[in-house]
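Residue numbers start from 1 in every chain, and the chains themselves are labelled A, B, ... in the order their sequence lines are given, proteins ahead of strands.
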Amino acid sequence: MKDIKFNKQFFSTPIYYVNAKPHLGHAYTSIAADVAIRFKQMEGCETFLLTGTDEHGDKIVQAAENQKTTPEKYAKRVSKLFQDILPSLNVENNYFIRTTDPAHIKVVQKILLKIYNDEDIYFSSYEGLYCFGCERFYQERELQDGKCPDHGTTPEIIKESNYFFKMSKYQEWLINHIKTNPNFIRPEQYKNEILSFLKEPLEDLCISRPKTRLTWGITLPFDEKFVTYVWFDALVNYISALGYPDGELFRQFWPGARHFVAKDIIKPHGIYWPIMLKAAGIEIYQGLNVHGFWNVKGSKMSKSIGNVTNPLEVIDAYGLDQFRYFLMREMVFGLDANFTQKSIVSRINSDLANDLGNLFSRVLSMNHKYFQGKVKGTDPRIEKEKSLSLALEAESAIDGFQKAMSICAFSKGLEAVWQFISKMNKYIDTNAPWTLAKDEANIDELGTILYNLMEGLRVVTCLIYPIIPQTSLKMQKMLCIQRDGKQVYTLEEIRLWGQIKEETIIAKPGILFPRIDTGKKE
RNA sequence: GGCGACGUAGCUCAGUUGGUCAGAGCAUGCGGCUCAUAUCCGCAGAGUCCGGGGUUCAAGUCCCUGCGUCGCUACCA
């Protein structure tokens, strides 16, 4: 709600870790951010959407070794997969950042140095249980019978010196910041989770790794023998991509920054990141939008179960907008949702084909049949007498949509639109245009009804743009309301009732969403 | 172990601050229309809102407890 005051809005996805290929979860986050940013455009904002890849760290080195290549080449190859999938998802990002970009590396070092000079980073030794097979430290609770879960060997206690970031110093400040900015972490359940986590004393964060055990990272500017911890590197992407510190983009867009993340990485984003910014003397981002996980066929996606879903395959099977619609409609933002063939087919057939597609088809078809495609227009007297106006219904659909979408309640926003669609279907049934058409005397009433329906469709067409842009544009074209260059209608523009011009020739429609044959019954 | 989430009609789930909250969609059955993608409209249902206890004039809605499912526990969206 408060977001409205920012007329420049910056949204980001996480930068995706290149140790795996893009899957359904990545696609969801990216599409959610894309939907949200397109909605911001409807609110009249200038927008910037950022995504990218996180490429440093031990896991990448290992993955590269497994494929007998270098980390550089490996990271580049997988990064490209993430970059290449964006057009297929119709995600319109303004920039794609890689943490191996020289410009990014510079910014990370700059910030590390700043915090170091301000004495919020200190050198200290750390003692822990280290597994040489895994090349990592284990917490005691992670071990099984005191042994490494992967190697079955007993980790050795080793002492290592590292640099630590004084997060504890900012704990009270952060708690206060979260409490005084109610939209800082949304939805609320995740805000509570962070706050409850902050009830315990924060430990200082170990932000270095000695090069003796990891070289694939950004070298500390104040000690060449170390690289920085991946999160410290990764989080900085959000500002390095905007050209921090002097970039014009940074100056304009950073105050309106919201990050989209899945629930597993709320700690780095909700705790480390604001504290890093605070310590570096940088303005805190505006907020964090946290979403849940997609389960597939009832269980968590995992390689061992073999249900890791490739978004491209789903899109091939059902279509891009069908996929985007399903993701936004089926998941309550913040909660987990389930992905099955059955659920996506059901959404496509009932919501898209039967409700929206068929409505579009029947209205344009009647206009074609009764008026040879030429828009007749409204007779104000008849419209008033018979209460035929759909303007108020449209208005409330717009209101409901806006209210929900502005807090990322995508499913609720779509519900508001579909309620309106349902009302139009009832409206047709109630007014039975096919009966009126039998008598020439009813021609004005018939025209009024069809005009209201077409205006209703115009509103629907423009509202669904952020979710299913391709279809929206297709519908705009068919309704002859498409505009050159600017595809987005702002909410204010949409609200103006009566925009379709009389005498316009509207063609007979094709099928927007083919029904999917479920193969059963009859 | 600790922290957290969830458990509401056959299925998938909505239910702000406790008081028309017992709901929606899908599926099912019956009826209606014919403009439309065998689509649309109407009607019909059923649920001890996981169990138990408590607070209150009043609780899916708050508190406690039990059971069940799941997540996180610090480099997987």
Side-chain angles (χ1 to χ4, degrees), chain A residues 13-14 16-17 19-20 22-30 32 54 56-60 136 139 141-142 188-190 192-194 196-197 199-200 202-203 205-206 209 217 229-234 260-268 271-272 291-295 299-303 308 311 329-332 334-338 340 342-343 346-347 349-370 409 411-412 415 418-419 422 424-437 450 453 509-516 521-522:
Chain A
T13 75
Y16 302 113
Y17 206 48
N19 68 338
H23 58 56
L24 180 64
H26 302 108
Y28 176 78
T29 313
S30 295
D54 182 10
H56 289 126
D58 202 38
K59 281 189 181 172
I60 306 309
R136 58 163 285 198
Q139 300 288 326
R141 56 173 178 256
E142 292 179 279
E188 192 146 1
Q189 68 229 36
Y190 295 109
N192 295 337
E193 217 171 294
I194 290 289
S196 85
F197 188 80
K199 281 178 187 157
E200 302 293 318
L202 268 183
E203 283 175 39
L205 187 67
C206 175
R209 298 292 182 268
Y229 170 58
V230 287
W231 272 114
F232 210 101
D233 165 0
F260 282 73
V261 297
K263 64 182 185 180
D264 57 325
I265 51 174
I266 58 176
K267 275 174 205 160
I271 296 174
Y272 309 169
H291 68 77
F293 283 141
W294 281 96
N295 294 318
S299 29
K300 186 175 171 167
M301 267 193 280
S302 85
K303 277 183 190 165
V308 176
R329 178 63 187 80
E330 191 76 2
M331 176 176 267
V332 175
L335 301 180
D336 290 356
N338 197 20
T340 64
K342 197 178 160 190
S343 56
S346 165
R347 282 288 173 206
N349 279 347
S350 54
D351 295 2
L352 295 178
N354 295 352
D355 292 346
L356 173 58
N358 184 57
L359 173 68
F360 195 73
S361 171
R362 67 198 299 209
V363 170
L364 266 58
S365 172
M366 281 190 279
N367 186 57
H368 190 78
K369 189 168 250 176
Y370 304 142
S411 59
K412 225 171 189 173
E415 253 180 76
W418 257 255
Q419 270 177 24
S422 172
M424 284 195 273
N425 272 321
K426 279 196 223 320
Y427 175 91
I428 294 176
D429 206 67
T430 308
N431 292 301
W434 49 90
T435 306
L436 295 171
L450 285 179
L453 285 166
I511 289 193
L512 290 178
F513 302 102
R515 269 184 70 82
I516 294 164
K521 81 181 217 174
E522 263 120 5

Pairing residues for A:Tyr28 by the ring pair (Phe, Tyr, Trp, His ring centres under 6.0 Å) criterion, not counting sequence neighbours = A:His291, A:Trp294
Name the pairing partner of B:G45, where a pair is Watson-Crick or G-U wobble with both distances under 3.5 Å, or state none.
-> none
For A:Phe260, the ring pair (Phe, Tyr, Trp, His ring centres under 6.0 Å) test, sequence neighbours excluded, returns A:Phe11
Give A:Tyr28 one of three labels, base, sugar-phosphate or nothing, depending on what nucleic acid heavy atoms sit under 4.0 Å from its own.
-> nothing
Give one of base, sugar-phosphate or nothing for A:Leu335, where a contact means two heavy atoms less than 4.0 Å apart.
-> sugar-phosphate
Using atom C1' of each nucleotide, how far apart are B:A74 and B:A27 to the nearest Å?
-> 44 Å
Which value, in whole Å, describes the distance between the P atoms of nucleotides B:C70 and B:A58?
-> 38 Å
Sorted by chain and number, sequence neighbours left out, ring pair (Phe, Tyr, Trp, His ring centres under 6.0 Å) with A:His56 holds for A:Trp216
Nucleotide B:C33, atom C1' - distance to CH2 of A:Trp434 in whole Å = 6 Å
With sequence neighbours left out, write down each residue that passes side chain to side chain donor-acceptor pair (under 3.5 Å) with A:Asn358, or none if nothing qualifies.
-> none
P-based separation of B:C3 from B:G10 [nearest Å] = 35 Å
Whole-angstrom distance between B:A24 and B:A44, as gauged at atom P = 11 Å
Atom pairs under 3.5 Å, N or O on each side, protein against nucleotides 40-45 of chain B: can you list them with distances?
unit_1, atom_1, unit_2, atom_2, d
B:C40, OP1, A:Asp355, OD1, 3.4
B:C40, O2', A:Arg362, NH1, 3.1
B:C41, O2', A:Asp429, OD2, 3.2
B:G42, OP1, A:Lys426, NZ, 2.8

Taking a pair to mean Watson-Crick or G-U wobble geometry with both distances below 3.5 Å, B:U16 pairs with none
Which is true for A:Ser346 with a 4.0 Å heavy-atom rule: it touches a base, it touches only sugar-phosphate, or it touches nothing?
-> sugar-phosphate
Any strand, both distances under 3.5 Å, Watson-Crick or G-U wobble: B:C26 pairs with B:G10
Atom P, compared across B:C21 and B:U65: separation rounded to whole Å | 31 Å
Could you tell me whether a side-chain N or O of A:Tyr190 sits under 3.5 Å from a main-chain N or O of A:Lys263, the two making a donor and an acceptor?
-> no
Using purine N1 to pyrimidine N3 plus N6-O4 or O6-N4 for Watson-Crick, or N1-O2 and O6-N3 for G-U wobble, both under 3.5 Å, which nucleotide pairs with B:U56?
-> none
When A:Ala432 and A:Pro514 are each assigned the nearest nucleotide of RNA chain B, the 5'-most assignment goes to A:Ala432
Considering only B:C75, B:G71, B:C35, which nucleotide approaches the side chain of A:Lys369 most closely?
-> B:C35
Write down the partner of B:C40 under the Watson-Crick or G-U wobble criteria, each distance required to be under 3.5 Å.
-> B:G32
To the nearest angstrom, how far is A:Glu415 atom CD from B:G23 atom P?
-> 16 Å
When all nucleic acid strands are considered with a 4.0 Å heavy-atom cut-off, which category describes A:Phe513: base, sugar-phosphate, or nothing?
-> base
Residues forming a side chain to side chain donor-acceptor pair (under 3.5 Å) with A:Asp355, sequence neighbours excluded | none
Separation of B:C76 P from A:His291 NE2 (nearest whole Å) = 15 Å
B:C76 phosphate, OP1 or OP2, under 4.0 Å from A:Lys59 side-chain N/O | yes
May I ask you to say what A:Gly57 touches in the nucleic acid, namely base, sugar-phosphate or nothing, with a heavy-atom cut-off under 4.0 Å?
-> nothing
When rounded to the nearest Å, what value does the distance between P atoms of B:G42 and B:C26 take?
-> 11 Å
Give A:Leu364 one of three labels, base, sugar-phosphate or nothing, depending on what nucleic acid heavy atoms sit under 4.0 Å from its own.
-> nothing
If you look at every strand shown and take non-hydrogen atoms under 4.0 Å, does A:Val363 touch a base, only sugar-phosphate, or nothing?
-> nothing
Per atom distances to the A:Val332 side chain, the nearest of B:A14, B:G71, B:C35 is B:A14
Return no unless some side-chain N or O of A:Lys342 is found under 4.0 Å from OP1 or OP2 of B:U12.
-> no
Nearest-Å distance for atom pair NZ/C1', residues A:Lys267 and B:C76 | 14 Å
Atom CZ of A:Arg329 and atom C1' of B:C13: how far apart are they, to the nearest Å?
-> 9 Å
Touch check for A:Pro14, heavy atoms < 4.0 angstrom, all strands: base, sugar-phosphate only, or nothing?
-> sugar-phosphate
Indicate whether OP1 or OP2 belonging to B:A74 is found under 4.0 Å from a side-chain N or O atom of A:Tyr272.
-> no
To the nearest angstrom, how far is A:Arg515 atom CZ from B:A36 atom P?
-> 17 Å
Side chain of A:Asp336, backbone of A:Gly292: donor and acceptor closer than 3.5 Å?
-> no
Go through B:C75, B:U37, B:U12 for me and flag the one nearest to the A:Glu330 side chain.
-> B:U12
Using the C1' atom as the reference point in each nucleotide, state the distance between B:A14 and B:G29 in Å, no decimals.
-> 25 Å
For B:G66, does the O4'-C1'-N9-C4 (purine) or O4'-C1'-N1-C2 (pyrimidine) torsion place it in syn, i.e. within 90° of 0, or in anti?
-> anti
State, with a plain yes or no, whether a side-chain heavy atom of A:Leu352 is found less than 4.5 Å away from one of A:Leu512.
-> no
Going by heavy atoms in the side chains, are A:Ile511 and A:Ser361 under 4.5 Å from each other?
-> no
Rounded to whole Å, CH2 of A:Trp418 lies from C1' of B:C26 at a distance of 16 Å
With a 3.5 angstrom cut-off on both distances, give the Watson-Crick or G-U wobble partner of B:C72, or none if there isn't one.
-> B:G2
On a whole-Å scale, what distance lies between the C1' atoms belonging to B:U12 and B:G7?
-> 14 Å
Would you kindly give the CG-to-P distance between A:Asp54 and B:C76, to the nearest whole Å?
-> 10 Å
Inspect the surroundings of NZ in A:Lys412 and state if more than 12 heavy atoms from other residues, nucleotides or ligands are less than 6.0 Å away.
-> no
Dump the intermediate steps for side chain to side chain contact (heavy atoms under 4.5 Å, CB included) on A:Lys59 and A:Val230, then the final yes or no.
-> CA-CA 11 Å; A:Lys59 281 189 181 172; A:Val230 287; over 6 Å; no
